[in-house]
**Student:** 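Just passing along the structure, written as structure tokens.
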Amino acid sequence: MKNSTYLRITSLALLAVGVLLPYAGSSQGKHSTYVRAEDSFYDEELETAFLLFNEYLAGSPDDRKAQYYAEICSLLTYYPAKPLDKFLQFEATLGTSDKFFYYWAGRIYAARYDYGAAIEAWQKFLDLKAYKSKVITDETKAFIEDAIVKKSFIEHPSTYSVHHLPAPINTLNSEENPILFDNESKLMLASIGNDESVRRRKQRSTIYFFERQGKNKWSAPVSYPAFKEMKGNIVNLQLFDNETKLLLYYEDKKGDLYQSEKVNGVWQKPKPLEQIDRSGMQVSGFFTSNGEVLVYTAESKKPDKDIDLYMVTRQGEGQWSAPTELQELNSPFDEDSPYITPDGSTIYFSSRGHSSIGGFDIFKSVRNPTTGKWGTPENLGYPINTPGDEIFFKFNKDGKTGFFSSDRAGTVGFLDAYLFVEEIKIPMKGRVIASSTKQPLAGVLVRVTPDNQYLNTLSAESNQDGEFEVLLTSGFDQTFDLTYMGLHAKTESISVDQTSPTNILNKVFEIDLTETILAQQTHQQGVQQGKSAVPTKTTTKVASASTETTAPISEYTELGDLGKKFSKGNKAILSNIYFEPGSDYISSAYTPELFALFKVMSENPELRIEIGGHTDALEEKTSTQNLSKLRARAVGSYLMQRRISENRIKEVGYGATQPLASNDNEKEGRELNRRIEVLVIE
């Protein structure tokens, strides 16, 4: 990994605990600090320069040039992910007075993988009519050429998605080699470097264990005596032999591979691994699933002593072969952290060579089943690999998700733990029809839940032709939940296992309307023997029935317009919902209109409404119940059953005080007056 690993951690800790040179109050002391800071800056010792500029600014907080230099240092070392606002404020002034402004801007953009902006900034620097040394001119041209390659690399992503693990997994320490175990309910990793160990000038590592507490949520870390505050750097972890043994590397003396065993539930102190040649330094290793082969990395016998891949095989009880170099996988640069799939056909490893885009990249190689030789290593591409370091790549048991560590832009510590998901997206065109008539059903809400906790639930809605489209992730079962008119209508699971995203999956879903799907909840909670089974709610006073006034139809708006901006005071009638005389029962035939109201409320979460129930004059005189209030409550209960908050609904019974038509006849009068109105109150 990069040589600045421990320098960065050490400097951060020194800054945090205040272990800085005392501020010299004299102008001579301030000048000396500034000169040392500027010298360090132009020698590109940016960590040191950052500390010195901050020391100087403690006594001269208004020095704009020192602020400018300190901001560049912070963005290129300790805080690469912080906003650029402060740095860009200097463009108006120092962008013209400092000829190197656009040089540094390019460096900062490149550190964020914004290569388009980096190339533009570097070109501005080259175009300046000011003197520039040949060294920096040639360097900038090389930066641009490199940025063009990396820009193309990032603009052609692979089928993987990458997710930064939340706290408490990632901290200011370096989180390395995360692995799941115990049926994926627990996670372990090596955490390297804490403030106490840095102050003692001794690198320390601890293996931490976390328990899953929900989707992407983890418990506080715990450790065990055998793995606490170990000397040096732990850079390898693998559980094997039914998760009873742990393979690890740590820097005890020269650094080697060790093995720990769980006895009666307690991890034992690690002991040297006996299967390998211990004449050199072994860095990382991985046992195949059958335990017959160990692939590991070690210092090569070459003059440059780079790290190469080797393999040993079991030849009997306690007997292992001599190491064999995996020549087809080794490059002139370092290789590290091998992982072999359970079937032994594919190896993943990190390398600084081959077609690495920067630092360690993760590569894949497939073994030829006939010759036994490994194929040409293939770069896994962006976003698995970046211009930073990527290492400790391992799949989980599902073969589609896994973890690795990286120091890419946006990390919290030096190396952070990341989750990856192999997402081959398969387009699916679905269609929803009624099983009895085979006619399309519009407005069906479709929720698709992949059988994997790391993938998000998708949603879609069928159009007038009953059609919808979603992108499914291959390799996982998908559960489809269909909701029609606010009621759950169907659940169906399908398995998606295609490898080509160009193949469109077609699927027809049939909803059985004859089984009273639309009315099942209404009937279960409806009126039985003339009594309402709607849950009781706080009573709302009924408006006075002393005066009968006919409401003009022009007062009403369309139901769908209730959610529009400035809609307070708008009022709509739930069309075609009419009650039988003396009843508050809502027939299933009226479900589409109720669902339309539910949809307006769902799509406008700030909307509060008054539901007004109305009766005809004859009911008002003869009924022993407050029918208008019960009718309003029936509609309110429909919404609350579908998780519309009670606080958003006010139920009012108006009796017969606001007729729409004359009460002299039934069909064109009293039936219209037995209605529900919806008024926007907020």
Side-chain angles (χ1 to χ4, degrees), residues 2-112 121 170-174 192-203 388 407-416:
K2 293 177 180 176
N3 294 330
S4 61
T5 304
Y6 305 122
L7 172 61
R8 178 178 175 186
I9 295 173
T10 302
S11 300
L12 274 171
L14 291 174
L15 187 62
V17 299
V19 186
L20 296 171
L21 295 173
Y23 168 66
S26 67
S27 59
Q28 182 179 0
K30 286 194 294 183
H31 177 72
S32 172
T33 302
Y34 183 89
V35 169
R36 286 188 292 126
E38 194 172 49
D39 287 346
S40 297
F41 179 80
Y42 284 113
D43 286 341
E44 295 206 41
E45 297 170 354
L46 300 183
E47 293 93 345
T48 302
F50 178 69
L51 298 175
L52 290 169
F53 276 124
N54 276 279
E55 181 185 344
Y56 171 79
L57 286 166
S60 303
D62 298 325
D63 190 319
R64 289 283 289 168
K65 198 166 186 180
Q67 292 173 6
Y68 165 65
Y69 287 141
E71 188 65 13
I72 292 171
C73 292
S74 71
L75 289 166
L76 289 175
T77 53
Y78 303 117
Y79 308 107
K82 77 175 185 179
L84 294 180
D85 302 17
K86 186 175 179 180
F87 171 74
L88 294 176
Q89 288 174 2
F90 291 107
E91 184 173 13
T93 54
L94 294 168
T96 54
S97 62
D98 179 15
K99 64 183 177 182
F100 297 111
F101 176 86
Y102 290 109
Y103 168 84
W104 291 113
R107 293 273 297 271
I108 291 167
Y109 283 125
R112 294 164 177 253
N170 284 315
T171 69
L172 290 176
N173 294 344
S174 189
I192 301 166
N194 55 51
D195 291 346
E196 182 64 27
S197 68
V198 172
R199 285 198 294 272
R200 293 198 304 264
R201 299 296 194 276
K202 294 179 181 178
Q203 190 64 43
D407 68 349
R408 64 187 57 204
T411 55
V412 178
F414 175 68
L415 284 174
D416 277 5

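For the numbers below, each heavy atom of this structure counts, side chains included, while hydrogens, waters and symmetry mates do not. Along the sequence shown, residues carry numbers from 1.
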**Student:** Could you measure the distance from the CD atom of Glu71 to the CG atom of Asp85? Nearest 0.5 Å is fine.
**Tutor:** 9.5 Å
**Student:** Donor-acceptor pair, distance only, cut-off 3.5 Å: does the side chain of Asp416 make one with the backbone of Gly413?
**Tutor:** yes
**Student:** What is the distance from atom CG of Leu94 to atom CD of Gln89, rounded to the nearest 0.5 Å?
**Tutor:** 11.5 Å
**Student:** Can you give me the closest heavy-atom contact between Leu52 and Ala37, atom names plus distance?
**Tutor:** CB-CB, 3.5 Å
**Student:** Measure across Asn173 and Ile192 and return the closest heavy-atom pair with its distance rounded to 0.1 Å.
**Tutor:** CB-O, 3.5 Å
**Student:** For a 4.5 angstrom cut-off between non-hydrogen side-chain atoms, does Phe50 reach Tyr79?
**Tutor:** yes
**Student:** Do Tyr68 and Arg64 come within less than 4.5 Å of each other through their side chains, counting heavy atoms only?
**Tutor:** no
**Student:** To the nearest 0.5 Å, tell me how far Thr33 OG1 sits from Glu38 CD.
**Tutor:** 13.0 Å
**Student:** Got Tyr109 and Leu84 here, is their nearest side-chain heavy-atom distance under 4.5 Å?
**Tutor:** yes
**Student:** Can you check whether Val412 reaches Thr171 side chain to side chain, under 4.5 Å on heavy atoms?
**Tutor:** no
**Student:** For residues 88-100, which residue pairs pass the salt bridge (Lys or Arg N to Asp or Glu O under 4.0 Å) check, not counting sequence neighbours?
**Tutor:** none
**Student:** Quick one: CH2 on Trp104 to OH on Tyr69, what's the gap to the nearest 0.5 Å?
**Tutor:** 9.5 Å
**Student:** Report the residues that fulfil ring pair (Phe, Tyr, Trp, His ring centres under 6.0 Å) with Phe101, sequence neighbours left out, ordered by chain and then residue number.
**Tutor:** Phe87
**Student:** Please round to the nearest 0.5 Å and tell me the distance separating atom CZ of Arg36 and atom CG of Asp43.
**Tutor:** 13.5 Å
**Student:** Might you point out which heavy atoms bring Asp407 and Leu415 nearest each other, and give the distance in Å?
**Tutor:** N-CD2, 3.4 Å
**Student:** Nearest 0.5 Å, please: how far is CD1 in Ile108 from OH in Tyr102?
**Tutor:** 12.5 Å
**Student:** Can you find a side-chain donor-acceptor pair between Tyr103 and Arg107 that sits under 3.5 Å?
**Tutor:** yes
**Student:** Between Phe90 and Gln67, is a side chain to side chain contact (heavy atoms under 4.5 Å, CB included) present by the stated rule, with each step listed?
**Tutor:** CA-CA 9 Å; Phe90 291 107; Gln67 292 173 6; 4.0 Å; yes
**Student:** Show the nearest heavy-atom pair for residues Pro83 and Leu75, with the distance to one decimal.
**Tutor:** O-CD2, 4.3 Å
**Student:** Restricting to side-chain contact (heavy atoms from CB on, under 4.5 Å), what partner residues turn up for Ala49, sequence neighbours left out?
**Tutor:** Ser40, Phe41, Phe53, Cys73
